[in-house]
Amino acid sequence: MLLPTDLRNKASKLTALTTAIALAVAPISPAFAQQEKGPPTIRDTEAEQLLRDYTRPILRTAGLEKQNIQVAIINESVFNAFVADGHRIFVNYGALMQSETPNQLIGVLAHETGHLAGGHLAKMRQQMAQAQTQMIIAMLLGAGAMVAGARSGSSNSGLSNVGAAAIAGPQEMIRRNLIAYVRQQEENADRAGVKFLTATGQSARGMYETFKRFSNDSLFAAHGADPYLQSHPMPAERVAALEELARSSPYWDKKDDPALQFRHDMVRAKISAFMERQDTVYRRYPMSNESMPARYAHAITTYLHGDLRSALVQIDGLIQAQPNNPYFYELRGQALLEGGKPAEAIAPLRKAVALSNNAPLIEMLLGQALVGTDNKAYTEEAIAILRGAVARETEAPLGYMQLAMAYGRKGDFAQADLASAQAAYLRGDNKTARELAARAKTRFAVGTPGWVKADDIVAAKPPPKSN
Ligand SMILES: [Zn+2]
C-alpha cells in the first residue's frame with residue numbers, strides 16, 4: 001500500500017486510489033492535526049520499513065535509540081530532508097528517487113541525525129531570539145542616533161543619515177552572524193554524520209556524493225530556491241572538508257549490501273509507479289526492462305490505470321519469483337480491493353499480514369477488505385484486527401474509518417461515532433471530530449472508557465489514545 005495522505009494536487013492522476021485517498025487525507029501527527037494541516041506525507045509499510053532499517057543503527061550509535069525518532073516521507077518530488085522537531089526526520093520522496101544507492105540516502109539521514117544529536121533546532125531558535133534582541137537594540141540605538149542627528153540642527157548636512165547607517169550596519173552584522181552560525185551547524189552535522197557512519201561500519205561516500213551534487217550541479221546552484229540548499233547551504237569548502245573526512249574512513253570504498261540495494265530499488269520503483277506520470281514510469285522502466293523493480297513498477301501502474309486482470313497476472317509473476325515478499329501480496333490485495341473485489345482481497349492480505357509480521361497499515365487494508373464484503377460473519381474479526389492496528393499505528397485515519405464501519409454494521413453506534421471522530425481528528429478535521437465525539441458521548445454511559453475518549457476529543461485534549 002502506498003497512500004499519499006494529501007492528494008490535493010494529484011487527484012486527477014491517481015483517481016484509481018479514490019477510496020484510499022478519501023480515507024487517507026491526513027496530517028501525520030496530532031500535533032500537526034491541531035494546526036489543521038501538516039506536511040502531506042506518504043504512508044507505505046515497505047518504504048517506511050526500509051527507512052527504519054537505514055536509520056536504526058545510526059540512531060543507536062548517536063544515543064538516540066530510545067527517543068522513538070520517526071522518519072516520515074513527504075509527498076514532494078524535489079530533493080529534501082530536514083528535521084522540524086526533536087523527534088522526526090522528514091524525507092521527501094524525491095530524495096528517495098534521486099538517491100541511487102542506499103548509502104547516498106543513509107548519508108543524508110546520518111547528517112540529519114547529526115542535527116538531532118546536536119540539538120541544533122533548539123540552539124538555532126535561541127540564536128534567532130538573540131539576533132532579534134540584538135536587532136531591536138540596534139534599531140533603538142539607530143533611532144537614538146537619528147534623534148541626536150536631528151537635534152544637532154544640521155538636518156541638511158547629511159548627519160541625519162547617521163541614524164540609518166547605524167541601523168544597516170548592525171543588521172548586516174547580525175545577518176552574517178546568523179549565516180555563520182548555520183554554516184557551523186551544518187559542518188557539525190557533517191562531522192557527526194561521518195562519525196555515526198564510521199561507527200556503524202558504513203561509508204560516508206554517499207553523503208559526500210549527494211552533497212557534492214548539490215554544490216556542483218548548476219541546475220541546483222542556479223536556482224537558489226532549491227529547498228535542500230536553503231536548509232543546507234553547501235559552500236565548496238564545506239564539501240571539500242566533508243570529502244577529506246569521508247575519505248579518511250576505512251569504509252570509504254565499502255559497497256552497499258546487494259540485498260539492501262534491491263530493496264532500495266524496489267521502493268524507488270514503487271514510488272515512481274504510484275507518484276509519477278505513467279509515461280515517466282515507462283521511461284524509467286521501459287517494457288524491455290525485465291528486472292524485478294521494473295516488473296514491480298509495471299504491475300503497479302497497470303493496476304492504477306484500471307487494467308486489473310493484466311495487473312493480477314503481473315503480480316502473480318512477482319509472487320512466483322519471491323513467494324515470501326509480503327508487499328507483493330499486499331499489492332495483490334490492494335488491487336483487488338480497489339477493483340471492487342474485497343472478498344478476493346482477503347486471502348492475499350492475510351498472507352501479507354502474516355509475512356510482514358502484522359504490519360498495522362496492512363492490517364488496516366485487511367480490515368477494509370473484511371468490512372467491504374458486507375459479510376457479517378467477518379465483522380468481529382475485522383474489529384479485532386483493526387483495534388490491534390490502530391493501537392500500534394496511531395496516525396493513520398484509515399484504521400478508524402474501517403473500525404467505524406465495522407461497528408456500524410454491528411449496530412454499535414456509540415463506538416462507530418467514536419471511531420469516526422477519531423478518524424476525523426487524525427485527518428485534522430477537528431470540527432467534525434468534535435461533533436461526532438459529542439454525539440458519541442450521548443450514546444455511551446457517563447464515565448465509561450468510550451465516553452472518556454469522546455470527551456477528550458470534544459475538549460480537544462492531546463491525542464486520543466486507542467484502547
Ligand atoms: Zn544540515
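Thr379 and Ala406 get closest at one heavy-atom pair: CG2-O, 3.4 Å. Closest approach of Gln422 and Ile457 over heavy atoms only: CG-CD1, 3.7 Å. When every heavy atom of Ala345 is checked against every heavy atom of Leu337, the shortest pair comes out as CB-N, 3.9 Å. Across Ala352 and Pro326, no two heavy atoms sit closer than the pair CB-O, 3.4 Å. Between Gln67 and Gly63, the closest heavy-atom pair is NE2-O, 4.3 Å. Contact detail for Glu290 and Arg295: the closest heavy-atom pair is O-CD, 3.4 Å.
Panel note: side chain Ser272, backbone Arg268; no donor-acceptor pair is recorded below 3.5 Å. In this structure, the side chain of Gln185 engages the main chain of His120 through a donor-acceptor pair within 3.5 Å. A donor-acceptor contact shorter than 3.5 Å is absent between the side chain of Asn75 and the backbone of Pro40. Checked by atom type and distance alone, the side chain of Thr200 pairs as donor or acceptor with a backbone atom of Leu197 at under 3.5 Å. Side chain of Ser99 to main chain of Leu96: no donor-acceptor pair is present (N/O by atom type, distance under 3.5 Å, no hydrogens or angles).
The CZ atom of Arg88 lies 9.0 Å from the CG atom of Asn68; values are rounded to the nearest 0.5 Å. Rounded to the nearest 0.5 angstrom, Met207 CE and Leu242 CG are separated by 4.5 Å. In this structure, CZ in Phe444 is found 8.0 Å from CG in Asp417, a value given to the nearest 0.5 Å. Here the CG-CE distance, from Leu403 to Met364, works out to 9.5 Å after rounding to the nearest 0.5 Å. With rounding to the nearest 0.5 angstrom, the CD atom of Glu363 is 11.5 Å from the CZ atom of Arg350. In this structure, OG1 on Thr210 lies 12.5 Å from CZ on Arg205, to the nearest 0.5 angstrom.
Pairs engaging residues 373-397 under the ring-ring contact (aromatic ring centres under 6.0 Å, His included) rule: none recorded [sequence neighbours left out].
Listed by chain and number, the residues in a side-chain contact (heavy atoms from CB on, under 4.5 Å) with Ala269 are Tyr285, Pro293, Ala297 (sequence neighbours excluded). Take Met405 and apply the side-chain contact (heavy atoms from CB on, under 4.5 Å) test, not counting sequence neighbours, and it matches Val371, Gln402. For Arg191, the side-chain contact (heavy atoms from CB on, under 4.5 Å) partners two or more places apart in sequence, or in a different chain, are Gln184, Glu187, Asn188, Leu245. Listed by chain and residue number, Ile58, Leu59, Ala62, Leu64, Ile89, Phe196 satisfy the side-chain contact (heavy atoms from CB on, under 4.5 Å) test with Thr113 (two or more places apart in sequence, or in another chain). In terms of the ring-ring contact (aromatic ring centres under 6.0 Å, His included) criterion, Tyr329 has no residue partners (sequence neighbours excluded).
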### Evaluation steps, side chain to side chain contact (heavy atoms under 4.5 Å, CB included), between Gln322 and Met292
CA-CA 10 Å; Gln322 287 194 346; Met292 288 294 280; 4.0 Å; yes
### Task
Start with the C-alpha gap between Phe328 and Met266, add the side-chain angles, then the distance that decides, and say whether side chain to side chain contact (heavy atoms under 4.5 Å, CB included) holds.
CA-CA 11 Å; Phe328 295 160; Met266 291 298 274; 3.4 Å; yes
### Ile74 and Val91: CA distance, side-chain angles, deciding distance, side chain to side chain contact (heavy atoms under 4.5 Å, CB included) verdict
CA-CA 6 Å; Ile74 296 188; Val91 178; over 6 Å; no
### Message
Between Arg263 and Glu46, does the salt bridge (charged side-chain N to carboxylate O under 4.0 Å, His left out) criterion hold? Intermediate values first, please.
### Response
CA-CA 9 Å; Arg263 287 174 63 197; Glu46 184 177 17; over 6 Å; no
### Residue pair Glu276, Arg283: steps toward the side chain to side chain contact (heavy atoms under 4.5 Å, CB included) verdict
CA-CA 11 Å; Glu276 298 187 310; Arg283 201 162 49 241; over 6 Å; no
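Side chains of Thr302 and Gln314: a donor-acceptor N/O pair is present below 3.5 angstrom, by distance only. Checking Gln320 against Asp316 by side-chain atom types alone, no donor-acceptor pair falls below 3.5 Å. A donor atom on one side chain and an acceptor atom on the other are found under 3.5 Å apart for Tyr303 and Glu338. Side-chain atoms of Gln49 and Thr45 form no donor-acceptor pair, as typed in the model, at a separation below 3.5 Å. Between the side chains of Thr101 and Asn103, no donor N or O sits under 3.5 Å from an acceptor N or O.
Ring geometry for Tyr54 against His264 counts as tilted: the plane angle lies between 30° and 60°, on a 0 to 90° scale.
Residues Leu312 and Arg332 meet the side-chain proximity criterion, which asks for heavy atoms closer than 4.5 Å. Val71 is not listed as a side-chain neighbour of Arg52, based on a closest heavy-atom distance of 4.5 Å or more. In this structure the side chain of Met124 reaches within 4.5 angstrom of the side chain of Val182, judged on heavy atoms. Between Leu308 and Lys341, some side-chain heavy-atom pair lies under the 4.5 Å cut-off. For the pair Gln415/Lys410, no side-chain contact is recorded, criterion being any heavy-atom separation below 4.5 Å from C-beta on. Residues Leu336 and Leu349 fail the side-chain proximity criterion, which asks for heavy atoms closer than 4.5 Å. Counting only heavy atoms from C-beta outward, the side chains of Met275 and Ile42 approach each other to under 4.5 Å. Leu370 has its side chain within reach of Ile385: a pair of non-hydrogen atoms, C-beta onward, lies under 4.5 Å apart.
The aromatic ring centroids of Phe79 and Phe214 lie less than 6.0 Å from each other.
Ion pair Glu209/Arg213 not flagged as a salt bridge, since none of the NZ, NE, NH1 or NH2 atoms sits closer than 4.0 Å to an Asp/Glu carboxylate oxygen.
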